[in-house]
**Q** 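Here it is: the structure, laid out below.
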Amino acid sequence: MAPMTNKVNSSLYGTFSTRDSLGDDLGVLLNNGQGELKLVNWYETPEYADMVKLMRKWNQAGYAIKDVVTNKESENTIIKAGKAAGNITHMKPGFAEQQSKIVGTEMIAVKLAPAAANTSTVNSVMWGISQGSKNPEKAMQFLNLMYADKDIVNLFSWGIEGKHYVKKQDGFIGYPAGVDENNTGFALNQGFMFGNSFLADVWEGNDKNVWQETKKFNESATRSKALGFTYDNTSVKTEVAAVSNVVNQYRLGLEDGAFDPDKELPKFISELKAAGIDKIIAEKQKQLDAWAKENNVK
């Protein structure tokens, strides 16, 4: 069993950093967007260099699964199969209990950084109605139900009462007799996706006050000064395509420790500049400055 695995198409280092990526990491704000609104090339920072050097040490020490760069299995599948002990990921109150239920063995969560909120973390869980929807008004009505109706939230989060879950003592819910995660037929464990998860019943094994703790967690999050800013890359889409190709060539290899950063990181930075990353950052900075002025953000 390897100590660590990664998410599919993500690095061993996962989501851990102190930056606001502003959506694509092509021009970021350091310190979770708490300082001046000055964009930098993330891949050129000392923080990034230190991180990829650490990942190189981890890889050479055998801390990662062997096929970490080409891995196409989810982290949960790998851990459930006993191939790895854990991974780095976003967390929240009740996360260890959630993961324990998914992988079928007890998991422990260790907090490495304070909670942070930026535009990307908000937009990643947004719902919308397709422009081509044949019944947009009905779709909107249903979305409203997902945020107001406890039965709808429980249905999507846990399944059908009496079949996939039953109410237990002390206000918890859990599997009916003879049912577990292997034969339930409905074990998404993705309640955060379906509207107002605070309306959902609490699964046994969790803290009874998990939703109150989650609200406190959300309210305590450090908010980036650029929260609400969305970047339009239309004017530099050629450069974005070229830079993205360079990122795809180097990033996972560096962040998974497969590449020697002393040799490959300087090449990475040089090719990013040749592909036009400085032009992208300048355009994003221009838009950020205009947004900040309009919204009185300093």
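Computed from heavy atoms alone, side chains included, the values below leave out hydrogens, waters and symmetry copies.
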**Q** Quick check: are there more than 12 heavy atoms from other residues, nucleotides or ligands sitting under 6.0 Å from CZ of F217?
**A**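 More than 12 heavy atoms, drawn from other residues, nucleotides or ligands, come within 6.0 Å of this atom.
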**Q** Any donor and acceptor pair, going by atom type alone, linking the side chain of T5 with main-chain N or O of N87 inside 3.5 Å?
**A**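 No; judged by distance alone, with no hydrogens or angles, the pair does not exist.
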**Q** Check for me, please, whether V52 and I269 land in the same ILVMFWY cluster - side-chain distances under 4.5 Å, paths through other members count.
**A**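 Both belong to a single hydrophobic cluster.
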**Q** Listed by chain and number, what are the side-chain hydrogen bond (donor to acceptor under 3.5 Å, both in side chains) partners of K150, not counting sequence neighbours?
**A**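 side-chain hydrogen bond (donor to acceptor under 3.5 Å, both in side chains) list for K150, sorted by chain: D201.
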**Q** Does a side-chain heavy-atom distance below 4.5 Å link Q98 with W203?
**A**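 Result no, sub-4.5 Å side-chain heavy-atom pair not found.
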**Q** Do Y147 and F142 sit in the same hydrophobic cluster, where Ile, Leu, Val, Met, Phe, Trp and Tyr count as joined when their side-chain heavy atoms come under 4.5 Å apart?
**A**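 Both belong to a single hydrophobic cluster.
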**Q** Can you find a side-chain donor-acceptor pair between S130 and S133 that sits under 3.5 Å?
**A**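 On atom types as modelled, these side chains do not qualify, holding no pair under 3.5 Å.
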**Q** Can you confirm whether the side chains of T234 and D232 place a donor and an acceptor under 3.5 Å from each other?
**A**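 Yes, a side-chain donor-acceptor pair sits under 3.5 Å.
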**Q** Any heavy-atom pair between the side chains of V247 and V243 that's under 4.5 Å?
**A**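 In contact.
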**Q** Does a side-chain N-to-carboxylate-O contact under 4.0 Å join E44 and K273?
**A**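 Looking at K273 together with E44, the answer is yes, because their closest N to O distance falls below 4.0 Å.
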**Q** Would you kindly say whether Q285 and D289 are connected by a side-chain donor-acceptor distance under 3.5 Å?
**A**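 There is such a pair (donor and acceptor under 3.5 Å, judged by atom type) between the side chains of Q285 and D289.
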**Q** I173 vs E161, test: side-chain contact (heavy atoms from CB on, under 4.5 Å). Steps then yes/no.
**A** CA-CA 9 Å; I173 62 171; E161 184 178 356; over 6 Å; no
**Q** For the residue pair T18 / E47, report whether a side-chain donor-acceptor contact shorter than 3.5 Å exists.
**A**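 Yes, a side-chain donor-acceptor pair sits under 3.5 Å.
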**Q** Taking the side chain as every heavy atom from C-beta outward, state whether Y175 and W158 have any pair of such atoms under 4.5 Å apart.
**A**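 Side chain of Y175 against side chain of W158, heavy atoms only: no contact under 4.5 Å found.
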**Q** What's the verdict on side-chain contact (heavy atoms from CB on, under 4.5 Å) for I281 and L26, showing C-alpha distance, side-chain angles and the deciding distance?
**A** CA-CA 6 Å; I281 293 174; L26 306 182; 5.6 Å; no
**Q** Between E283 and N233, do the side chains contain an N or O donor and an N or O acceptor separated by less than 3.5 Å?
**A**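 The criterion, which ignores hydrogens and geometry beyond distance, is not satisfied for N233 and E283.
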**Q** Counting only heavy atoms not in K168 (residues, nucleotides, ligands), do more than 12 fall under 6.0 Å from its NZ?
**A**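 Counting other residues, nucleotides and ligands, NZ of K168 exceeds 12 neighbours.
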**Q** Give a yes or no answer on whether the side chain of Q60 reaches the backbone of A258 with a donor-acceptor pair at less than 3.5 Å.
**A**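 No, because the side chain of Q60 does not come within donor-acceptor range (under 3.5 Å) of the backbone of A258.
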**Q** So does V210 get a backbone contact from the side chain of T214, meaning a donor-acceptor N/O pair under 3.5 Å?
**A**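 Yes.
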**Q** Do W211 and F172 share a hydrophobic cluster (ILVMFWY, side-chain heavy atoms under 4.5 Å, transitive)?
**A**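 W211 and F172: one cluster.
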**Q** Consider only side-chain heavy atoms of I, L, V, M, F, W and Y, link residues closer than 4.5 Å, and tell whether I152 and F186 are in one cluster.
**A**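 They do share one cluster, since a chain of ILVMFWY contacts under 4.5 Å joins I152 to F186.
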**Q** Flag the pair K216 and E219 as a salt bridge only when some basic side-chain nitrogen lies within less than 4.0 angstrom of an acidic carboxylate oxygen.
**A**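 Judged by the 4.0 Å cut-off on N to carboxylate O distance, K216 and E219 do not form a salt bridge.
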**Q** Test of understanding: clusters of I, L, V, M, F, W, Y form through side-chain heavy atoms closer than 4.5 Å, transitively. Do Y13 and V8 belong to the same one?
**A**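 Looking at the clustering, V8 is in a separate group from Y13.
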**Q** Is any side-chain N of the basic residue among R251 and D25 closer than 4.0 Å to the acidic one's carboxylate O?
**A**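 Looking at R251 and D25, the cut-off is met.
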**Q** If we count only N and O atoms by modelled type, under 3.5 Å, do the side chains of D20 and S224 hold a donor and an acceptor together?
**A**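 S224 and D20 do have a side-chain donor-acceptor pair below 3.5 Å.
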**Q** At their closest point, which heavy atom of L37 faces which heavy atom of A226, and how far apart are they?
**A**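 Minimum heavy-atom contact is CD2-N, 4.5 Å.
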**Q** Ring centres under 6.0 Å, that's the criterion: do Y43 and F268 meet it?
**A**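 They qualify: ring centres under 6.0 Å apart.
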**Q** Report yes or no: does R19 contribute a side-chain atom to a donor-acceptor pair with the main-chain N or O of W42 at less than 3.5 Å?
**A**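 Pair absent, no side-chain N/O of R19 close to backbone of W42.
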**Q** Side chains of N71 and N6: do they bring a donor and an acceptor to under 3.5 Å?
**A**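 Distance-only check passes for N71 and N6.
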**Q** Is the closest side-chain heavy-atom distance between N218 and K92 below 4.5 Å?
**A**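 No. Closest side-chain heavy atoms not under 4.5 Å.
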**Q** Indicate yes or no: at least one non-hydrogen side-chain atom of N32 is less than 4.5 angstrom from one of N118.
**A**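 Heavy-atom side-chain distance check fails, nothing below 4.5 Å.
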**Q** Is a side-chain donor or acceptor of S120 paired with a backbone partner of G23 at a separation under 3.5 angstrom?
**A**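 Side chain of S120 to backbone of G23, a donor-acceptor pair under 3.5 Å: yes, one is there.
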**Q** Do Y48 and E255 have a side chain donor and acceptor closer than 3.5 Å?
**A**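 Judged by distance alone, the side chains do pair up.
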**Q** Determine, step by step, whether V28 and L39 satisfy the side-chain contact (heavy atoms from CB on, under 4.5 Å) criterion, reporting the C-alpha distance in whole Å, the side-chain angles of both residues, the deciding distance to 0.1 Å, and the verdict.
**A** CA-CA 5 Å; V28 308; L39 301 183; 5.9 Å; no
**Q** Counting only heavy atoms not in K279 (residues, nucleotides, ligands), do more than 12 fall under 6.0 Å from its NZ?
**A**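 No, NZ of K279 has 12 or fewer neighbouring heavy atoms, counting only those of other groups under 6.0 Å.
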**Q** Give a yes or no on whether a salt bridge exists between E73 and K83, defined as a side-chain N under 4.0 angstrom from a carboxylate O.
**A**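 Judged by the 4.0 Å cut-off on N to carboxylate O distance, E73 and K83 do form a salt bridge.
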**Q** Checking Q190 against F156 for the side-chain contact (heavy atoms from CB on, under 4.5 Å) test, could you report, in this order, the C-alpha distance in whole Å, the side-chain angles of both residues, the deciding distance, and whether it holds?
**A** CA-CA 9 Å; Q190 300 289 324; F156 276 86; over 6 Å; no
